[in-house]
Structure formats: C-alpha cells, structure tokens
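Letters go in sequence order (proteins before strands), and every chain restarts at 1.
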2 protein chains.
Amino acid sequence: MTSTTENPVRNGVDTATLFATLDAVKANPDIARFQFRATNTWLSGTHNRSTIDDFFGAEQAMQHKKVTTIEADHPAVLVGEDNAPTPVEFLLHAIAACLTAGVANVAAARGVDLTKVTSTVEGDIDLLGIFGLSDGSVRNGYQQIKVTFHIEGDADDETLRRLVEQSRKRSAVYDVLTNPTPVVIDVVTG
Amino acid sequence: MTSTTENPVRNGVDTATLFATLDAVKANPDIARFQFRATNTWLSGTHNRSTIDDFFGAEQAMQHKKVTTIEADHPAVLVGEDNAPTPVEFLLHAIAACLTAGVANVAAARGVDLTKVTSTVEGDIDLLGIFGLSDGSVRNGYQQIKVTFHIEGDADDETLRRLVEQSRKRSAVYDVLTNPTPVVIDVVTG
C-alpha cells in the first residue's frame with residue numbers, strides 16, 4: 001500500500017504525499033498527536049458564534065490558511081431567531097464531511113477514480129428530552145443518525161461500497177458519535 | 001417555573017414564549033419529534049460542502065430562514081488543501097454552541113441577566129487511530145474534549161456555575177458526544 005503509484009494525484013488526493021505522511025508517522029508516532037480548538041462567544045438568546053483558527057499537530061503550533069467563523073442558533077419554533085443552523089445540525093455536517101473525505105482518500109489509495117459522492121444525513125431527535133418533559137426514557141440527543149451515500153466511479157458496486165465501509169472504520173467523527181467521548185466542562189466566573 | 005414572569009425577554013430569550021412552548025409540548029408530546037437534515041457533496045480530495053435547509057418538527061415540514069452552506073477539508077499537514085475546518089472541528093463548535101444556547105435559556109428562566117458568555121473548546125486526538133497505525137489501543141476519535149466557560153452576570157458564582165450544569169444536563173450535543181448514538185450508513189451506487 002505504501003509503494004509508489006502510477007498516478008500520484010487521484011480524486012484530488014496526492015497519494016504520494018498521503019503515503020509519505022503515513023511513513024513519517026510510522027517513523028515518529030508523536031507527530032500524530034493533535035489538538036483541535038474552537039472559541040465561542042454568546043451573542044444573544046440562543047445565537048452564538050465560534051471561531052476556528054489554530055491547532056496543534058506534528059509537534060508544533062499550526063494555523064489554518066484562513067480563520068473560519070460559524071454561527072449557531074435555534075429556529076423560531078424552538079424560541080430562537082434562526083440566524084444559523086442549530087448546534088445538532090453541525091453534527092450531521094461533521095459525519096457527512098468525515099466519511100466523504102475518507103471515501104476520497106481510500107478510493108485514491110485503492111486506485112479508484114470517483115466521479116460523484118453525495119450524501120444525505122437525517123438525525124431523529126425527540127425534544128421531550130431536552131425540554132425536561134420525559135420521564136427519563138427519552139435521551140437528549142439524536143435517537144438515530146442515518147447517512148445515505150450516492151457514489152459513482154470506475155469500480156464495481158461492491159468495490160464502491162467497500163470504500164464507504166473502510167472510511168467508516170477509520171472515521172474520527174463516526175467514532176465520537178457512536179462511542180462515548182469524555183467531555184470535561186470547566187467554569188470560570190466573574 | 002411556567003408561571004408568568006415580570007421580564008418576558010431576558011438575555012434575548014423570550015421567556016413567555018419559552019414557557020408557552022413547554023406548555024404546548026406537555027399538551028401534545030408529538031410536536032417534540034424533530035428530524036434535522038444535511039446534504040453533502042464531495043468537491044475534490046478531502047474538500048466537501050454541506051447544505052442545511054429544511055427540517056421536520058411540530059408535526060410539519062419546516063425550513064430555516066436561510067439556506068446555510070458549510071465546507072470542510074483537511075489541512076495541508078493532513079494531505080488536504082485546507083479550504084475549511086476539519087470535520088472534527090465542527091464537533092467543537094457544536095458542543096460550545098449547544099451548551100451556550102442552554103446557558104442563555106436557563107439563565108432567562110431563572111431570572112439571571114448575563115453580560116458575557118465565552119468558551120474555549122479543546123479536543124485531543126491521536127491520529128494513529130485514523131491512520132490505521134495503532135495496534136487497536138488508540139481510538140479514531142477525540143480522546144477527550146475540554147470546554148472552558150467564562151461567564152459573567154448579575155448572580156453569584158455558584159448560581160452562574162449551576163447554569164452551565166443545568167445546560168449540560170439538557171444538552172443534545174453533550175449527550176451525543178458522551179453516549180453512544182446509532183449511526184446507520186446506506187450506500188447507493190451507480
């Protein structure tokens with residue numbers, strides 16, 4: 001898998017660099033330790049804004065090419081001003097984006113040229129949980145998230161399906177959603 | 001808690017509507033069933049774009065005031081073009097946004113005027129997992145997410161801290177991150 005390839009750029013993925021990166025991590029596993037960050041500021045009501053800029057990785061402070069700001073709010077039906085998507089909708093973007101990036105990488109590594117990858121994500125949630133109106137049987141979060149991929153490329157159906165399966169196996173977001181992740185919350189006042 | 005209040009709008013939260021919404025859900029729990037959605041399109045390499053527009057709730061098809069598009073990519077150090085934040089960084093935005101919206105709502109319901117709510121979120125991840133270079137001991141996702149809130153308002157420290165605690169207890173995103181959520185993946189080819 002880490003040998004040279006005839007077509008180093010496939011699906012927009014620089015496979016030569018991808019394999020070189022894997023080799024570099026094998027040689028020094030410490031460079032694989034990353035910390036991603038966001039800062040958030042409350043604006044009014046349920047409306048707030050996050051900034052994503054710097055992160056740590058490859059044993060050094062790093063920065064994205066550009067600073068990204070993203071807002072969130074609740075829709076009117078949930079007593080917000082609907083200035084932006086809800087926090088839970090960003091989870092749907094995250095899982096689609098993570099699986100799709102993985103599909104492109106895996107396809108490139110396996111020599112499959114993709115022509116189309118789209119997905120729809122649906123998250124079912126019963127708000128009795130967050131409203132505190134359940135007897136405890138209704139959870140606060142999504143009861144289920146369903147991702148439906150449409151994939152086209154120069155490979156048979158089974159090969160295309162296996163790209164998604166391999167992406168799922170190595171997906172950071174899939175892991176965070178489907179398995180418990182510790183979340184520590186500190187509060188500084190005044 | 002659901003009685004009338006002297007100041008119906010506090011922290012930008014319309015508490016009268018908030019309490020009326022809770023009463024409406026108590027009268028008809030079916031209106032609390034929501035489905036949120038995102039559609040994603042692969043662009044090139046690890047770069048892709050999601051659209052967030054319609055959702056289902058209160059027993060009807062609903063639509064956000066505006067359509068939101070959000071991109072994701074990997075940084076150069078992870079063999080991407082760094083056109084946008086990584087998928088896992090959107091998880092950090094989601095948890096900060098969800099907890100912050102909850103803090104504003106809970107503060108309004110408890111008669112606390114907030115003057116400042118900011119937070120930083122840090123997610124530690126060892127990429128040996130997603131690189132497939134671990135012996136299985138390193139998970140794909142975040143090993144820990146840490147949220148640090150800075151809160152100011154017209155209440156004592158303990159009251160301000162309890163706002164965050166109550167928000168955590170009713171947070172959809174906190175639940176999804178800290179507890180297992182089923183994610184079903186379907187693939188359509190051709």
At their closest point, which heavy atom of B:Ala72 faces which heavy atom of A:Ala97, and how far apart are they? CB-CB, 3.6 Å
Check whether A:Pro75 gets within reach of chain B through its side chain, its backbone, both or neither, counting any heavy atom under 4.5 Å. side chain
Describe, in one word, how the ring planes of A:Phe36 and B:Tyr142 are oriented to each other, choosing from parallel (under 30°), tilted (30 to 60°) and perpendicular (over 60°). perpendicular
Select, from B:Arg139, B:Glu152, B:Gln143, the one with the greatest count of heavy-atom pairs under 4.5 Å involving chain A. B:Arg139
Region of A:Asn105 in contact with chain B, defined by heavy-atom distances below 4.5 Å: side chain
Per-residue contact mode, A:Leu128 against chain B (heavy atom under 4.5 angstrom): both
Between A:His74 and chain B, with a heavy-atom cut-off of 4.5 Å, which part of the residue counts as in contact: side chain, backbone, both or neither? side chain
Using heavy-atom distances under 4.5 Å, tell me whether A:Thr21 contacts chain B through its side chain, its backbone, both, or neither. side chain
Output the distance between atom CG (A:Leu127) and atom CZ (B:Arg170), rounded to the nearest 0.5 Å. 12.0 Å
Proximity breakdown for A:Leu43 and chain B, heavy-atom pairs closer than 4.5 Å: neither
Heavy atoms from other residues, nucleotides or ligands near NZ of B:Lys169 exceed 12 (cutoff 6.0 Å): no
Tell me, side chain or backbone of A:Tyr174 under 4.5 Å from chain B's heavy atoms, or both, or neither? side chain
Name the region of A:Ile52, side chain, backbone, both or neither, that has any atom closer than 4.5 Å to a heavy atom of chain B. side chain
Report the residue from A:Ile95, A:Ile145, A:Leu91 that forms a side-chain contact (heavy atoms from CB on, under 4.5 Å) with B:Thr181. A:Ile145
Which atoms of A:Val176 come close to chain B, meaning under 4.5 Å heavy atom to heavy atom: side chain ones, backbone ones, both, or neither? both
Mind checking the NE2-OG1 spacing from A:His93 to B:Thr39? Nearest 0.5 Å is all I need. 11.0 Å
Residue from B:Thr148, B:Thr118, B:Ile151 passing side-chain contact (heavy atoms from CB on, under 4.5 Å) with A:Val188: B:Thr148
Given that the side chain runs from C-beta out, which part of A:Thr68 has a heavy atom under 4.5 Å from chain B: side chain, backbone, both or neither? side chain
A:Asp186 pairs by salt bridge (charged side-chain N to carboxylate O under 4.0 Å, His left out) with which of B:Arg161, B:Lys146, B:Arg168? B:Lys146
Interchain contact, A:Ile31 with chain B, by part (heavy-atom threshold 4.5 Å): neither
Counting only non-hydrogen atoms closer than 4.5 Å, does A:Ser171 touch chain B with its backbone (N, CA, C, O), its side chain (CB onward), both, or neither? backbone
Short question: side chain of B:Asp175, backbone of A:Asn140 - any donor-acceptor pair under 3.5 Å? yes
Go through the atoms of A:Gln63 and report whether side chain, backbone, both or neither lie under 4.5 Å from a heavy atom of chain B. backbone
B:Gln35 atom CD, neighbour heavy-atom count above 12 within 6.0 Å: yes
Rounded to the nearest 0.5 angstrom, the OG-CZ distance for B:Ser50 and A:Phe90 is 10.0 Å
Among the options B:Asp14, B:Thr51, B:Leu18, B:Ile70, pick out the one with the most heavy-atom pairs lying under 4.5 Å from chain A. B:Ile70
Below 4.5 Å from any heavy atom of chain B, which atoms of A:Asn83 appear? Answer side chain, backbone, both or neither. both
